[in-house]
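Single-structure report; data block below.
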Number of protein chains: 2
Amino acid sequence: MKIRILLANDHAIIREGLRSLIERQADMEVVAETENGRSALQLARKLTPDVVLMDISMPGLNGIEATRQIVEGVPGARVIVLSMHSDKRFVAETLKAGASRYLLKDCAFEELASAIRSVMESGPYPRTRIGKTVIGKHAHPLKQDEHTVIAVLTPRERDVLQLMAEGKTTRNIASLLHVSVKTVETHRQHIMAKLDIHSIAELTKYAIREGLTSL
Amino acid sequence: MKIRILLANDHAIIREGLRSLIERQADMEVVAETENGRSALQLARKLTPDVVLMDISMPGLNGIEATRQIVEGVPGARVIVLSMHSDKRFVAETLKAGASRYLLKDCAFEELASAIRSVMESGPYPRTRIGKTVIGKHAHPLKQDEHTVIAVLTPRERDVLQLMAEGKTTRNIASLLHVSVKTVETHRQHIMAKLDIHSIAELTKYAIREGLTSL
DNA sequence: CGGAAGATCGGGTTATCCCCGATTGTTTCC
DNA sequence: GGAAACAATCGGGGATAACCCGATCTTCCG
């Protein structure tokens, strides 16, 4: 019995590409595809696929909300979200909505295929250990945030990083923290050394991902 | 003789999907694929493909600038841009950069295939009637985003902003764009003046919001 | 106690920032 | 068709900030 897959993605050519790749797998088949979240839900109810391959950004019902409703309303259906966003909050939202996996679009198809097989091996409702499973799963595409800011950076360094990511100058930060400019510079150097990030831009992105500042 | 195609797209799984679809066509073959604009240029120079299938948003050199340089530097190469942006100014910029076609990602693969064959039939430089052909193609989803980068910043300034937001230094950007450090500095000043943003951190956030770079 | 880690600062070198101006080519507009 | 505006390119030079080295002091813990 092949793994029955439903494709939900708003770009036709990407759906076709995925379908073409999936159909090369002997143990998988695409039972339907759709371009929006609402019909994804309807098709899932009607066809009860084993796996729904879901995009986040779709017109109408978005991927996260569609995931929530499919997981609740279609027994046995696992949802794998394929997204271009590596933002942690997207990931958290998606998993909270009941998705079994969260993969980035710059993963290889082989990773997707093994993710599909993997969620089939676990039961239909692997939600109890989603946290561990999935966080572990996307450890690589999210480029090693095993060591989150809290683990690696000291409290003072986090203060400095946050202010940097908010666009404050070194001098500004120094006066805000009531220390000398040199101290702030040292903190910044330590931050950059620890994270192996050597530009304000990348540091800002890191801080955003870690929730130290917002867009 | 098959049509020799170079794939440039920053998402691995989309590249694989496109490759899979293209390889089903008897008259086409994928000679190489890459995830960034700069190596697309290098590969195009080295392999002289018939068609470069280009994504707009790519790290390093973006698709528009890569298109410009490929059209100028690789005789006989036609560039077809595959984008998710239906914004008019993106289209205009892309075509001005010398692309032969501008297709949206929600087109069917069949449209892409016929576009590839079509640009092969016209000469290597069919730039004269690009306008009509392509504008007609994506006539449906045109929306004006007045407040985006496109309205305010010039193409070159967007290039610079993107590279800045990716953490490149001024010197680095200068060598990437083949201009002097002074030129990049001027662009940066213009960007900051136009946007009234005066820190790399805030500029990075702006670039992320505007889709010029990702987290 | 000894030693690691955190927070604080300084000196000197290098790079960047920011004001100015200047040239060339293209687009636009009356 | 010519003026005007814009875009892209570069340079000088002084102020500023970042970068790399090291150094002190405290705290905390085995």
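Chain A is the first sequence line, chain B the second, and so forth, proteins listed ahead of strands; every chain is numbered from 1. Side chains are part of it too, since the values below use all heavy atoms of this structure and drop only hydrogens, waters and symmetry mates.
Counting atom types as modelled, A/Lys182 pairs no side-chain N or O with a base atom of D/dG22 as donor and acceptor under 3.5 Å. A donor and an acceptor atom sit less than 3.5 Å apart, one in the side chain of B/Thr186 and one in the base of D/dC10. Counting distance only, with no hydrogens placed and no angle test, the side-chain atoms of A/Glu185 and the base atoms of D/dC19 include a donor-acceptor pair under 3.5 Å.
Closest to the side chain of A/Thr170, from the set D/dC10, D/dC19, D/dA18, is D/dA18. Here the side chain of A/Arg188 is nearest to one of D/dC19, C/dC17, C/dT8, namely D/dC19. Which of D/dC20, D/dA8, C/dC9 sits closest to the side chain of B/Arg156 comes down to D/dA8.
The separation between A/Asn172 atom CG and D/dT16 atom P is 15 Å, rounded to whole Å. Taking atom CG on B/Leu203 and atom P on C/dT16, their separation rounds to 16 Å, with Å as the unit. We find that CD1 of A/Ile173 is positioned 13 Å from P of C/dT8, with the value rounded to whole Å. Distance B/Gln189 CD to C/dC20 C1': 10 Å, rounded to the nearest Å. What separates NE2 of A/His187 from P of D/dC20 is a distance of 17 Å, to the nearest Å. The interatomic distance linking A/Asp159 (CG) with C/dG6 (P) rounds to 14 Å, in whole Å. Atom-to-atom, CD1 of B/Ile191 to C1' of C/dC18 comes out at 15 Å; the value is rounded to the nearest Å. Distance, B/His178 NE2 to D/dA8 P: 17 Å, rounded to whole Å.
Counted within 6.0 Å of CD on A/Glu185, heavy atoms from surrounding residues, nucleotides or ligands total more than 12; the atom is thus considered enclosed.
Contact check on B/Asp10 versus B/Arg15 returns no salt bridge, with no Lys/Arg side-chain nitrogen under 4.0 Å from an Asp/Glu carboxylate oxygen.
Nucleic acid contact for A/Ser180: sugar-phosphate only, since backbone atoms but no base atoms lie under 4.0 Å from a heavy atom of the residue.
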Evaluate the salt bridge (Lys or Arg N to Asp or Glu O under 4.0 Å) criterion for residues B/Glu157 and B/Arg188: first the C-alpha distance (whole Å), next the side-chain angles of each, then the deciding distance (0.1 Å), finally the verdict. CA-CA 7 Å; B/Glu157 286 164 354; B/Arg188 176 168 36 70; over 6 Å; no
side-chain contact (heavy atoms from CB on, under 4.5 Å) between B/Ile80 and B/Leu103, worked out: CA-CA 7 Å; B/Ile80 295 180; B/Leu103 296 178; 4.2 Å; yes
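Distances shown here put a side-chain N or O of A/Thr183 below 4.0 Å from the OP1 or OP2 atom of C/dC9.
Remark: the backbone N or O of A/Val51 is not paired with any side-chain donor or acceptor of A/Arg78 at under 3.5 angstrom.
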